[in-house]
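Taking it in order: structure first as structure tokens, then the write-up.
Counting starts at 1 for both ligands and their atoms, following the listed order.
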Amino acid sequence: TVDAGPEAPPTKRSVRVPPGVTVFDSASWNGIAIDSTCGGHGTCHKCKVRVEGQSPITRHDVRTFTPDQIAEGWRLACLVKATRDLQVDVPPLTTRPKAATVGVGRQVILRPAVQKRYVELDEPTLADQRSDLVRLTDAITDLELTADLSVLRRLATVLRQADFKVTAVVVDEALVDVEPGDTTDVRHAIAFDLGTTTVVATLLDLATGTPVAVASMLNKQQPFGADVITRISATMMDEGMLDKLRAAAGDTLSDLADQVCREGRVDPRTVYEVAVAGNATMTALALGIDPEPLGVAPFVMSTAHPPTVLASDVGLDLHPRARAVLFPALGAYVGGDIVAGMLATGMDRDKRTRLFIDVGTNCEIVLSDGDTIVSTAAPAGPAFEGGAIRCGMRAADGAIETVGLDGASGDVALGVIGDVEPRGLCGSGLVDVVSELVRVGLLDATGRFVPDEDAATALPALADRLTRVGEERVFVLHQPSPDSPPEESVYLSQRDVRELQFAKAAISTGWSLLLSELGLEQRDVQQVLLAGSFGSYLSPAAAVRIGLVPKLPVLRIVAAGNVAGEGAKMALLSVRERAGAAALLEEVTYVELSDRPDFNDRFVEQLGFST
Ligand code: FES
């Protein structure tokens with residue numbers, strides 16, 4: 001329940017987050033603002049929420065709340081982890097923050113490119129014949145202003161109708177509008193994470209730095225191809241395809257903008273800026289730039305720094321002079337979404353050795369030792385999105401997302417999205433089941449199912465789940481009814497295991513080569529950040545066991561959430577952070593994997609499951 005303050009009734013929202021994420025992060029990822037000045041580090045004692053039912057009490061709670069309040073369920077949101085369904089009451093913000101918490105505990109001092117200044121001007125007289133524009137700019141001493149023609153067309157009328165009491169709307173030093181009266185508190189922006197599969201929009205109140213509404217939908221380019229390569233090929237084969245893909249991107253952005261404005265009860269004309277974080281192909285397609293060179297060797301972008309355009313150029317109907325800022329990219333396969341992710345996780349501002357992995361069809365990997373930052377991209381293929389897997393599916397209702405095997409009792413515990421009958425296996429379920437099969441000993445270190453006789457001897461309780469569909473050996477996870485044949489069940493096949501091995505070997509070859517590039521060992525990595533929605537739902541223990549991430553204690557492996565969207569928010573909230581994103585391009589060295597003579601040997605080494 002979110003109490004939006006005295007003027008608005010409390011609202012109820014249901015959100016789904018990976019287990020173990022704090023209530024503070026869960027809220028922030030879902031656009032719900034909670035008071036804080038420490039950014040979720042347990043030191044400011046401001047993030048007070050009321051949690052229904054029992055939840056652990058920390059020493060910080062004891063210092064912050066009275067015993068009665070603790071009994072009523074009051075806790076600090078950054079110290080409560082969501083390990084079960086929780087009902088949480090979030091009080092309204094008590095202070096209007098000067099800083100906002102964004103990304104992975106990043107505090108951003110508010111300095112948006114969108115500024116408003118309310119002025120009461122002296123009316124012109126015969127003794128004071130300054131032009132309207134000079135009269136206005138003279139009154140605003142802290143900003144350099146240049147006026148758009150569209151403003152000059154309206155300026156005289158608005159000034160006179162509003163008795164010379166107006167608010168100037170300035171975006172990056174350009175005067176884009178003059179509004180009657182004082183509207184300084186009304187300014188918004190939208191951060192877009194323009195993913196190949198899913199697009200997420202967050203409407204931000206720039207006056208307070210708080211998110212107002214969040215919405216997501218499948219990218220409307222989906223019907224033209226599931227991944228970037230298919231979409232690039234489509235433009236190469238059909239002349240009109242680039243326009244269609246551009247229009248589909250525009251429709252997606254504009255539907256989402258409508259949705260967040262409606263939900264946040266915000267007039268779209270008060271949205272003066274948007275930021276778009278997308279990979280290089282998504283960015284090119286949204287702008288109508290030919291993506292062909294991105295799809296063929298030597299994989300070159302038209303530009304690493306897309307120009308700032310009008311929001312209407314990317315299909316958005318907001319303030320007529322609203323701007324769209326698109327994130328710069330490091331390379332054809334380490335795009336603006338990753339630059340945004342690096343911004344949100346502070347990859348360039350942390351002295352620790354940190355590894356950032358965004359698992360997807362194309363997996364982007366960044367490694368920093370506190371001084372040097374290197375990055376690469378690994379083609380992991382569609383296995384982690386449920387593609388090329390016999391019973392694979394996207395992470396939607398009916399997808400098995402967690403699997404626990406008990407070798408002694410034969411119990412198979414399945415976590416299914418939506419708590420419905422299992423229909424298939426999504427990426428995190430795939431990683432879990434393979435990791436569990438390796439753990440109990442039904443898969444050997446090379447990724448082969450052990451012979452039936454060995455399974456029957458060593459694990460009789462689970463052995464009858466090891467069967468065949470056609471010629472292929474499979475492990476049955478769920479049978480719709482006791483006598484339904486294996487082909488109607490949800491199962492993992494030997495070929496699925498191979499697909500997963502290839503995908504994880506591509507990724508682990510990537511990070512292991514980056515580690516050698518900086519002369520580091522796996523154990524030197526102090527934190528692994530798993531980005532993106534798949535990364536958030538992945539079990540760290542399973543990821544370690546199958547070798548998808550370095551062999552480290554699970555506490556060093558952190559789900560970082562939708563960091564691309566968080567980076568886009570930061571760019572809107574602070575021009576300093578926006579400049580930081582551009583500076584990252586100079587700081588990060590891209591390492592091309594396919595050039596490396598040791599690539600093949602490493603890849604083969606990484607295929608197995610060393611336990
Ligand atoms: Fe500061 Fe929780 S956010 S203590």
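Y333 pairs by the ring pair (Phe, Tyr, Trp, His ring centres under 6.0 Å) definition with F299, not counting sequence neighbours.
Salt bridge R545/E436: present, at least one basic N to carboxylate O contact under 4.0 Å. Ionic pairing of R352 and D350 is present here: one or more N-O contacts between side-chain nitrogen and carboxylate oxygen are shorter than 4.0 angstrom.
In this structure a side-chain-to-backbone donor-acceptor pair under 3.5 Å is present from K116 to T183.
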Report the C-alpha distance between E179 and V169 in whole Å, list the side-chain angles of each, state the deciding distance to 0.1 Å, and finish with yes or no for side chain to side chain contact (heavy atoms under 4.5 Å, CB included). CA-CA 8 Å; E179 296 170 342; V169 186; 3.6 Å; yes
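Backbone or side-chain N, O or S atoms of C78 reach atom 2 (Fe) of ligand 1 at under 2.8 Å. Residue C47: no N/O/S atom is found under 2.8 Å from atom 1 (Fe) of ligand 1.
Heavy atoms of A77 stay at 4.0 angstrom or farther from ligand 1.
Within the listing of ligand 1, atoms 4 (S) sit less than 4.0 angstrom from a heavy atom of G42. Within ligand 1, counting atoms from 1 as listed, the ones closer than 4.0 Å to a heavy atom of C44 are 1 (Fe), 3 (S), 4 (S). Interface of H45 with ligand 1, defined as ligand atoms under 4.0 Å from a residue heavy atom, comprises 1 (Fe), 4 (S).
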